[in-house]
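Nothing here was measured: the structure is a model prediction, and the numbers come from that model.
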Amino acid sequence: MSAPAARPPALLRVANCSGFFGDRLSAAREMVEGGPVDVLTGDWLAELTMYILHKTRERSGGYARTFLRQMEEVLPTCVERGITVVSNAGGLHPEALAAAVGELARRQGLEVHVASVSGDDITPRLAELRAAGEAFVNLDTGEPLPAETAVVTANAYLRARPIADALAAGAQVVVTGRVTDAALVVGPALHAFGWADDDHDAIAGAVVAGHVIECGAQCCGGNYAFFEEVPRRERIGFPLAEVHPDGSSVITKHPGTGGAVTVGTVTAQLLYEIGSPRYLSPDAVARFDTIELSADGPDRVRIAGVRGEPPPPTLKVTANLDAGWRNSMTLALTGARVAEKARFAADAVWSGIPGGRGAFAETAEDLSGDLTGGGMAYLRLAVRGDDERVVGRAFSGAVVETSLSSYPGTFFTSAPSGAQGVARYWPTTVAAAAVEPRIECDGDAVPATPPGTVHPARDTGRAPAGGTERGTGPETPGEGLERVPLWVLVGARSGDKGGDANVGVWADDEAVGAWLGQHLSTEVFKALLPEVEPYAVSRYALPNLWAVNFVVHGILGWGVASNLRLDTQAKGLGELLRSRLIDVPSSLVASGRPAARYASL
C-alpha cells in the first residue's frame, strides 16, 4: 500500500475539467482560477474514445492532445499552488502523453514530476490470455470472442491504486490509459487518506463522488430534465467534490459560476449510465441503494452513508472489433402526405442499388419531424455493411440519383459522404491477477502496490435490486385521475452502456417518489415507450433516491460505433419517456413542484 500524504487533510477538493473528449477547453483554467482546488481531474475516455484514438493514432499519437492545450494554460499555476493533476487523457499511449507534458513543462521553465499509468492494453496479449483459459465472453450476449475476429483495441479498467502509487512517488501530474472514471477521484483519495484496500465503505464513497463529477457540468445542471430551474444555464460551471476521510463528500462548484448543484442535479447524474444498484468497480462495489443525499447549503449536496463491498476478482474489458462500414443520408419532405412520400423515396433508393436492401448487413429508415402534413419532416436512411464501396459510393450515389425522379420537393439536408469505418463494442472481463499495471515517474519505473485480498462479489444479474417489483398497484380509492405528460411529475436521464441503454427516473417529492416506485413497472414503462417493446428490460428500485432505473438490453445493437439509430447513444430516450401521457392521482399534480409544472401546460 502506498504511503499517505505526510498529514492527511481534513478534506480533499477534487475538481473536474472534462467529461468527454471534446469538452470545454477553458474548463481547466476556470477550475484552477475559480477557487481553491487540491486535485484537478479530467475524463476523456468514453467507451467510443479508444476506437477514435485508434483510428487517429497516426496524427494524435494515441492520446488526447486537447489535454496538452489545457495544461499549457494551467500548469504553471498548478505547480505554484501545489495542485495535482490526474487524467485518463493518455488513452492508448500514456507514456507518450507523459513525455509530452514533461516537454511542455520544460518549455515553460518548470520542474514538474510527471507519471504515467499503463498496462491496461491487453490487445497484444489476447492469444496468450486465451491460452490461459480466458474466453472473453461478451457480457451482453454471452458469446465467447470468436478466434478469427479482428480486435483493434482491448483495454482493461485498472484499479485506482496505481494512481496513488504514482502520487506517493512524487508525481505532480499523472496521466493514465483506461482506468475507471471514478478512479480519477479514488486514486488521490487513497493517497491522501491512506485507505487500505479493505476500507470498502470509504472507497465506495469516493467511487460515488467520482461517478457524480466525472461527466463535468452534467451534475451542475447540464442536460438536466428540469432545465428551466437552472440559473445562468448558458454557461454552466464544472464541479468539485470535497472528499472527507470517511469517504463522504460534498458536491459543489465555484462561486459565481453558472448552473446549480442540487439534490436533483446530483440524483440525475447518479442515475446516468448505471445498471443494478451494485455498482461494480475494481476498487470496491458501491451500493447505490445506500446513498444518502442532503442539501448542505447553496450549491452544496452532501453524499453520505455509502456502503461498499469487496471488488470482483475480474476487471472489465472494453474491446473494439472491426465491424465494416456505415453511411447515412437525410431527405427533407415538405407539406402533406408525408408517409407516402417517404415510402416513395426509400423504395427509389433501394431499387437503385444492385441487390437492394439485401446488399447491406443492416439498414434503417427513420421518419421524424412534422408528420401532420403542415410542415417539414425528415427521412433518414442508414446502412451498414462489409463492402466499403457499396456502403459509400453506391449508397450515396443511389440517394443523389433520385434528386429529379422522386417525390415533389425533394432535397437533401447535407451533402453525401463516404463510408465511415465502424467497430463492434465487445464488453467482457479478464482475471484481475492477469493484468499488471505499469507506473513510470519521470521515465523511471515505480513499483505497483499488489492488491489486497479480493473476494468474489456476486452480481444479482438482471433481477431487480432494492425489493421486488410491485407492479402498478391500486390507486387511492375514490381519488380522481389526471392525464398529464410524465415530465410534470418526474425527471429522467438516459445513456448508453455498450449495446444496452439505461433510463433512470426520479422524483423530487416524497409522495411522487412513492407513486413512482409503486406504479412505474416494467409493463407501464414499455406501454409508455413502445419503441422498447421488442427488448428485454430490467428494472431496479432505488427508494433511497426516490428513483427507479430501467436497463433496455440490446437496443443499441453493437454499440455507439456501429448502430444505425438516429440517437446512437440513447441520450434522448429519457426525454421521450417523459413526453408520454399517463393517468396519475389528482393529488400528485395539485401540490408542490408538480403543481407549478402542471400550471405551465
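Under the 4.0 Å criterion applied to side-chain N and carboxylate O atoms, R161 and D283 are not assigned as salt-bridge partners. A salt bridge links R300 with E242: the distance from a Lys NZ or Arg NE/NH1/NH2 to an Asp or Glu carboxylate oxygen falls below 4.0 Å. Under the 4.0 Å criterion applied to side-chain N and carboxylate O atoms, R159 and E436 are not assigned as salt-bridge partners. Using a 4.0 Å cut-off between charged nitrogen and carboxylate oxygen, R24 and E30 count as a salt-bridge pair. A salt bridge is defined here as a Lys NZ or Arg NE, NH1 or NH2 lying under 4.0 Å from an Asp or Glu carboxylate O, and R13 with D38 meets this definition.
Side-chain atoms of N138 come within 3.5 Å of backbone atoms of T141 as a donor-acceptor pair (strictly under, hydrogens ignored). Side chain of S18 to backbone of G42: no donor-acceptor contact under 3.5 angstrom is found. Judged purely by atom type and a 3.5 angstrom limit, E440 has no side-chain atom pairing as donor or acceptor with the backbone of V117. In this structure, the side chain of T123 does not engage the main chain of T153 through any donor-acceptor pair within 3.5 Å. D199 places no side-chain N or O within donor-acceptor distance of the main-chain N or O of W195, the cut-off being under 3.5 Å. Remark: side-chain polar atoms of R539 are paired, donor with acceptor, to backbone N or O of L520 under 3.5 angstrom. Put simply, the side chain of T149 never gets that close to the backbone of V151: no donor and acceptor are under 3.5 Å apart. With T428 contributing its side chain and V137 its backbone, the two residues share a donor-acceptor pair below 3.5 Å. Side chain of E214 to main chain of G19: no donor-acceptor pair is present (N/O by atom type, distance under 3.5 Å, no hydrogens or angles). Judged by distance alone, with hydrogens and angles left aside, the side-chain atoms of H113 form no donor-acceptor pair with the main-chain N or O of A169 at under 3.5 Å.
Looking only at atom types and distance, the side chain of N16 has no donor-acceptor partner in the side chain of D43 under 3.5 Å away. Looking at N544 and D289, their side chains never bring a donor and an acceptor atom within 3.5 Å of each other. For H244 and S249, the side-chain atoms include no donor-acceptor pair closer than 3.5 Å. Side-chain atoms of K497 and Y425 include no donor-acceptor pair closer than 3.5 Å.
Across G237 and C220, no two heavy atoms sit closer than the pair O-CB, 3.4 Å. Nearest heavy-atom pair across T265 and C219 is OG1-O, 3.0 Å. For the pair G62 and L53, the tightest heavy-atom approach, listed with the atom from each and the gap, is O-CD1, 3.6 Å. Nearest heavy atoms, A105 versus V112: CB-CG2, 3.8 Å. V14 approaches I213 most closely through the heavy-atom pair O-CD1, 3.8 Å. Closest approach of M31 to A15, counting heavy atoms only: CE-CB, 3.7 Å.
Between L40 atom CG and L240 atom CG the span is 9.5 Å, to the nearest 0.5 Å. Between the OG atom in S248 and the CZ atom in R302 there is a gap of 5.5 Å [rounded to 0.5 Å].
In this pair, Y279 and F288 present their aromatic rings parallel. The plane angle is below 30°, not in the 30 to 60° band. Aromatic ring pairs are classed by plane angle as parallel below 30°, tilted from 30° to 60° and perpendicular above 60°; the pair W44 and F67 is perpendicular.
Partners of R29 according to the side-chain contact (heavy atoms from CB on, under 4.5 Å) rule, which considers only residues two or more places apart in sequence or in another chain, are S26, E33, E73, V74. Partners of W546 under the side-chain contact (heavy atoms from CB on, under 4.5 Å) rule, at least two apart in sequence or in another chain, are A507, E510.
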Listing, residues 175-183 side-chain donor-acceptor contacts under 3.5 Å, not counting sequence neighbours, or none:
{"from": "R178", "atom 1": "NH1", "to": "L45", "atom 2": "O", "distance (Å)": "2.8"}
{"from": "R178", "atom 1": "NH2", "to": "A46", "atom 2": "O", "distance (Å)": "3.3"}
{"from": "T180", "atom 1": "OG1", "to": "A183", "atom 2": "N", "distance (Å)": "3.1"}

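S294 places none of its side-chain heavy atoms less than 4.5 Å from the side chain of V301. Looking at heavy atoms from C-beta onward, N502 lies in side-chain contact with I274 at the 4.5 angstrom threshold. When side chains are defined from C-beta on, L270 counts as touching L293, because their heavy atoms get closer than 4.5 Å. Between R438 and S118 the shortest side-chain heavy-atom distance falls below 4.5 Å. Under the 4.5 Å side-chain criterion, counting only non-hydrogen atoms from C-beta, F136 is in contact with I122. Between Q172 and T84 the shortest side-chain heavy-atom distance does not fall below 4.5 Å. In this structure, the side chains of W506 and L271 come closer than 4.5 Å at one or more pairs of heavy atoms. The shortest distance between side-chain heavy atoms of L92 and M50 falls below 4.5 Å.
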- Going through the distances and angles, do N155 and T318 end up as a side-chain hydrogen bond (donor to acceptor under 3.5 Å, both in side chains)? CA-CA 6 Å; N155 297 79; T318 56; 5.4 Å; no
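In this structure, R65 places its CZ atom where more than 12 heavy-atom neighbours from other residues, nucleotides or ligands lie under 6.0 Å away.
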